[in-house]
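Data first, discussion second: the structure below is written as structure tokens.
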Amino acid sequence: MRIARFSIDGNVAFGAVEGDGPDGLVLDIIKGIPYAEFELSGTKVPLSKVRLLPPVLPNKVVAIGRNYAEHAAELGNEVPDVPVAFFKPTTSVIGSGDAIEYPSFSNELHHEAELAVVIGRMCREVPRERVKDVIFGYTCANDVTARDAQKREKQWARAKGFDTSCPLGPWVETDLDPSDIAIQATVNGEQRQLGRTSEMIRSIEDLVVHITEAMTLLPGDVILTGTPAGVGPLHVGDEVAVTIEGIGTLTNKVIKRG
């Protein structure tokens with residue numbers, strides 16, 4: 001099931017996405033919240049009549065760096081011995097169709113297409129065999145990075161945590177085998193990145209186990225699983241799209257920060 005979060009006439013709701021093609025999609029409004037048992041209301045609205053919001057409002061976004069060997073190599077980095085984790089704040093999260101604001105402290109903004117894992121229940125110290133039980137679903141993500149600031153500052157808080165640096169969407173797919181699916185990024189229609197989740201150095205199970213050894217994850221929290229090779233520059237006016245097989249396409253335009 002595809003679960004979207006949206007606004008219409010000033011109201012915010014969750015809905016199940018039904019239909020095919022951009023003109024045939026409708027939202028069946030959900031009674032309650034999707035992390036618990038819920039019912040479909042039967043009240044349907046065309047997707048074209050709503051504004052898509054970030055599909056979740058995470059308490060935290062835990063991102064993993066250098067989880068694809070070719071991406072680590074293209075930036076001159078070694079594959080780390082253990083997963084490299086960092087945070088992106090909730091203020092960095094935007095939805096599909098929202099603008100990425102080019103930060104004033106950078107002259108080298110990069111796209112990073114990623115599969116995002118959405119947590120469905122509070123969990124800590126999750127054993128490998130229970131990882132699937134705590135996952136709500138999957139969505140597309142773009143770990144937008146101020147590459148020059150990342151290199152200059154030696155840590156990644158500002159470079160990867162600035163406002164609008166974490167596009168998520170367009171919705172959460174709850175019925176997906178993420179073990180070997182395609183991830184693609186295009187800029188103005190030109191392909192930049194193309195990889196498969198089977199190329200991850202550490203699997204989703206590895207990452208959930210590693211992260212929850214240290215911290216409690218809450219419903220709606222997001223894990224970014226790393227990006228394949230092909231990252232590259234974004235400029236004001238560019239339109240960047242992240243497409244993941246079985247989920248959909250997350251699209252954002254880059255604007256000058258006002």
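Being a predicted model, the structure only gives us computed values, none of them experimental.
- Salt-bridge annotation for Arg147 and Glu112: present, with a side-chain N of the basic residue lying under 4.0 Å from a carboxylate O of the acidic one.
- Judged purely by atom type and a 3.5 angstrom limit, Asn67 has no side-chain atom pairing as donor or acceptor with the backbone of Met200.
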| said: If you apply the rule side-chain contact (heavy atoms from CB on, under 4.5 Å), what do you find for Trp171 with Arg2, and how did you get there? | reply: CA-CA 6 Å; Trp171 41 66; Arg2 294 169 291 178; 3.6 Å; yes
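- Ile100 belongs to a hydrophobic cluster whose remaining members, ordered by chain and number, are Ile94, Tyr102, Phe105, Leu109, Val144, Phe162, Val187, Leu234, Val236, Val240, Val254; membership requires side-chain heavy atoms of ILVMFWY residues under 4.5 Å apart, directly or through intermediates.
- Of the possible donor and acceptor atoms, one in the side chain of Ser41 sits under 3.5 Å from a partner among the backbone N and O of Ile29.
- The pair Asp143-Lys88 meets the salt-bridge criterion, since a charged nitrogen lies less than 4.0 angstrom from a carboxylate oxygen.
- Connection of Val126 to Ile119 is established within a shared hydrophobic cluster, with ILVMFWY side chains joined at heavy-atom distances below 4.5 Å, either directly or through further cluster members.
- Between Leu40 and Glu18, the closest heavy-atom pair is CD1-OE2, 4.3 Å.
- When the side chains of ILVMFWY residues are joined at heavy-atom separations under 4.5 Å, either directly or via intervening members, Ile255 and Leu250 end up in two distinct hydrophobic clusters.
- Here the side chain of Asp221 pairs a donor or acceptor atom with the backbone of Asn59 at under 3.5 angstrom.
- The backbone N or O of Gly137 sits nowhere less than 3.5 Å from a side-chain atom of Glu173 that would complete a donor-acceptor pair.
- Between the side chain of Glu205 and the main chain of Leu207, no donor-acceptor pair closer than 3.5 Å is present.
- Counting heavy-atom neighbours within 6.0 Å of Met215 CE, excluding the residue itself, gives a total above 12.
- A distance-only check finds no donor-acceptor pair linking the side chain of Thr249 to the backbone of Thr243 [under 3.5 Å].
- Shown here for Lys60 and Thr216, the closest heavy-atom pair between the two residues is NZ-O, 2.8 Å.
- Counting heavy atoms of neighbouring residues, nucleotides and ligands inside a 6.0 Å radius, atom CZ of Arg130 does not exceed 12 of them.
- Residue Ile201 comes nearest to Arg66 through the heavy atom pair CD1-O, 3.6 Å, listed as atom of the first residue, atom of the second, then distance.
- A salt bridge links Arg128 and Asp206; the closest N-O separation between the charged side-chain nitrogens and carboxylate oxygens is under 4.0 Å.
- A side-chain donor-acceptor contact under 3.5 Å links Lys160 and Thr145.
- Between Ala85 and Val62, the shortest heavy-atom distance links the atoms CB-CG1, 4.4 Å.
- In this structure, Arg192 contributes its side chain and Pro233 its backbone to a donor-acceptor pair below 3.5 Å.
- Once rounded to the nearest 0.5 Å, the distance linking CD1 of Ile244 with CD of Gln184 reads 10.5 Å.
- Put simply, the side chain of Arg51 never gets that close to the backbone of Ser7: no donor and acceptor are under 3.5 Å apart.
- A donor-acceptor pair under 3.5 Å is absent between the side-chain atoms of Gln150 and the main chain of Ala159, judged by distance alone.
- Minimum interatomic distance between Ala4 and Leu52 (heavy atoms only, all atoms of both residues): CB-CD2, 3.9 Å.
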| field | Test salt bridge (charged side-chain N to carboxylate O under 4.0 Å, His left out) applied to Arg124 and Glu213, step by step | value | CA-CA 7 Å; Arg124 185 176 66 146; Glu213 284 177 341; over 6 Å; no
| said: Set out, in order, the CA-CA distance, both residues' side-chain angles and the distance that settles side-chain contact (heavy atoms from CB on, under 4.5 Å) for Ile64 and Leu224, then state yes or no. | reply: CA-CA 6 Å; Ile64 302 297; Leu224 304 189; over 6 Å; no
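- In this structure, a donor-acceptor pair under 3.5 Å is absent between the side chains of Thr251 and Glu239.
- Under the 3.5 Å distance criterion, with hydrogens and angles disregarded, no donor-acceptor pair is assigned to the side chains of Asp148 and Asn107.
- Applying the 6.0 Å contact sphere to CD of Glu37 captures no more than 12 heavy atoms from other residues, nucleotides or ligands.
- Glu245 places no side-chain N or O within donor-acceptor distance of the main-chain N or O of Ile181, the cut-off being under 3.5 Å.
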